[in-house]
K.L.:
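Structure provided below as structure tokens; questions to follow.
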Amino acid sequence: QVQLVETGGGLVQAGGSLRLSCAASGRTFSNYVMAWFRQAPGKEREFVARVSWSGDSTYYVSSVKGRFTISRNNAKNTVWLQMNSLKPEDTAVYYCAAGDLTSRDTYSYGYWGQGTQVTVSS
């Protein structure tokens, strides 16, 4: 089992920044690909970014590329999502997820956090 706890959400004005953190406990953190997903009201959960086991490879959905940065520290069992130049359309609940494969599909990730709300005002 892997337990994931997200923090760092909040209310920010458009153009602002937030940094989300996801602390993991349980099984060996470095064994998992880590990802961030988000879900806006009335919409399906969507992939945002992922980072490989060692942290040397990242992938982003096109809508956040150049604005968001995913990173991890295996010694601290933590993954972060730095979000800059935020837009109102970034408003959603953001979820941290752990999985075995480098995928953008929700079903590839077996462990999920409880989510943290990010609200971007215009």
K.L.:
Grab the two heavy atoms, one from Val48 and one from Tyr94, that are nearest each other, plus how far apart they are.
P.N.:
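Shortest heavy-atom contact: CG2-CE2, 4.4 Å.
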K.L.:
Side chains of Phe68 and Asn84, heavy atoms from C-beta outward: is any pair under 4.5 Å?
P.N.:
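The answer is no, as the side chains (C-beta and beyond) never meet within the 4.5 Å cut-off.
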K.L.:
For the residue pair Thr119 / Gln117, report whether a side-chain donor-acceptor contact shorter than 3.5 Å exists.
P.N.:
yes
K.L.:
Would you indicate whether the side-chain heavy atoms of Val79 and Ile70 approach each other to under 4.5 Å?
P.N.:
yes
K.L.:
Where is the tightest heavy-atom contact between Val2 and Ala24, given as atom of each residue plus distance?
P.N.:
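Residues Val2 and Ala24, closest heavy atoms: CG1-CB, 4.4 Å.
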K.L.:
Do we get Arg27 above Tyr32's six-membered ring, with its NZ or CZ under 6.0 Å from the centre and within 45° of the axis?
P.N.:
no
K.L.:
I need the minimum non-hydrogen distance between Leu18 and Val12, along with the two atoms involved.
P.N.:
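Answer, listing the atom of Leu18 first, then Val12: CD1-CG1, 4.0 Å.
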K.L.:
Which atom pair, heavy atoms only, marks the closest approach of Thr102 to Val33?
P.N.:
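Scanning both residues completely, I find the closest heavy atoms to be CG2-CG2, 3.8 Å.
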K.L.:
Of all heavy-atom pairs between Ser17 and Ser85, which one has the smallest distance, and what is that distance?
P.N.:
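Minimum heavy-atom contact is OG-N, 4.3 Å.
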K.L.:
If the test is ring pair (Phe, Tyr, Trp, His ring centres under 6.0 Å), which one of Tyr60, Trp36, Tyr107, Phe37 qualifies with Phe47?
P.N.:
Phe37
K.L.:
Could you tell me whether Arg45 sits above the aromatic face of Trp112, with NZ or CZ closer than 6.0 angstrom to the six-membered ring centre and within 45 degrees of the axis?
P.N.:
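Positive - Arg45 is close enough to the ring of Trp112 and near enough to its axis.
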K.L.:
Assess the residue pair Ser71 and Gln82 against the criterion (side-chain contact (heavy atoms from CB on, under 4.5 Å)); give the C-alpha distance rounded to whole Å, side-chain angles, the decisive distance to 0.1 Å, and a yes or no.
P.N.:
CA-CA 8 Å; Ser71 60; Gln82 177 67 43; over 6 Å; no
K.L.:
Output the distance between atom CG (Asp100) and atom OG (Ser108), rounded to the nearest 0.5 Å.
P.N.:
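Result: 9.0 Å between the selected atoms.
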K.L.:
Are the side chains of Met34 and Leu4 in contact, using a 4.5 Å heavy-atom criterion?
P.N.:
yes
K.L.:
Given side chains that start at C-beta, do those of Leu20 and Trp80 come closer than 4.5 Å, heavy atoms only?
P.N.:
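No, too far: nothing below the 4.5 Å cut-off.
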K.L.:
Thr116 and Glu6: which non-hydrogen atoms are nearest, and at how many Å?
P.N.:
CG2-CB, 4.0 Å
K.L.:
Would you say that Arg67 contacts Lys87 through its side chain, given a criterion of any heavy-atom pair below 4.5 Å between the two side chains?
P.N.:
yes
K.L.:
Does any part of the side chain of Arg72, heavy atoms only, come nearer than 4.5 Å to the side chain of Phe29, both counted from C-beta?
P.N.:
yes
K.L.:
Under 3.5 Å, is there a donor on one side chain and an acceptor on the other for Asn73 and Thr78?
P.N.:
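Side-chain D/A pair, Asn73 to Thr78: absent.
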K.L.:
Excluding sequence neighbours, so at least two apart, what forms side chain to side chain donor-acceptor pair (under 3.5 Å) with Arg19?
P.N.:
none
K.L.:
Return the CG to OG distance between Asn77 and Ser25, rounded to the nearest 0.5 Å.
P.N.:
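It comes to 8.0 Å.
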K.L.:
Given 3.5 Å as the limit, does a donor-acceptor pair link the side chain of Ser30 with the main chain of Asn74, or not?
P.N.:
no
K.L.:
Just wondering, do Val118 and Met83 contact through their side chains at under 4.5 Å, heavy atoms?
P.N.:
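Yes, at least one pair of side-chain atoms sits under 4.5 Å.
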K.L.:
Establish, for the pair Arg50 and Tyr59, whether the NZ or CZ atom is under 6.0 angstrom from the six-membered ring centre and no further than 45 degrees off its axis.
P.N.:
yes
K.L.:
Check whether any side-chain N or O of Ser52 sits under 3.5 Å from a backbone N or O of Ser57 as a donor-acceptor pair, and report yes or no.
P.N.:
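Indeed, once roles are kept as given, a pair shorter than 3.5 Å links the two residues.
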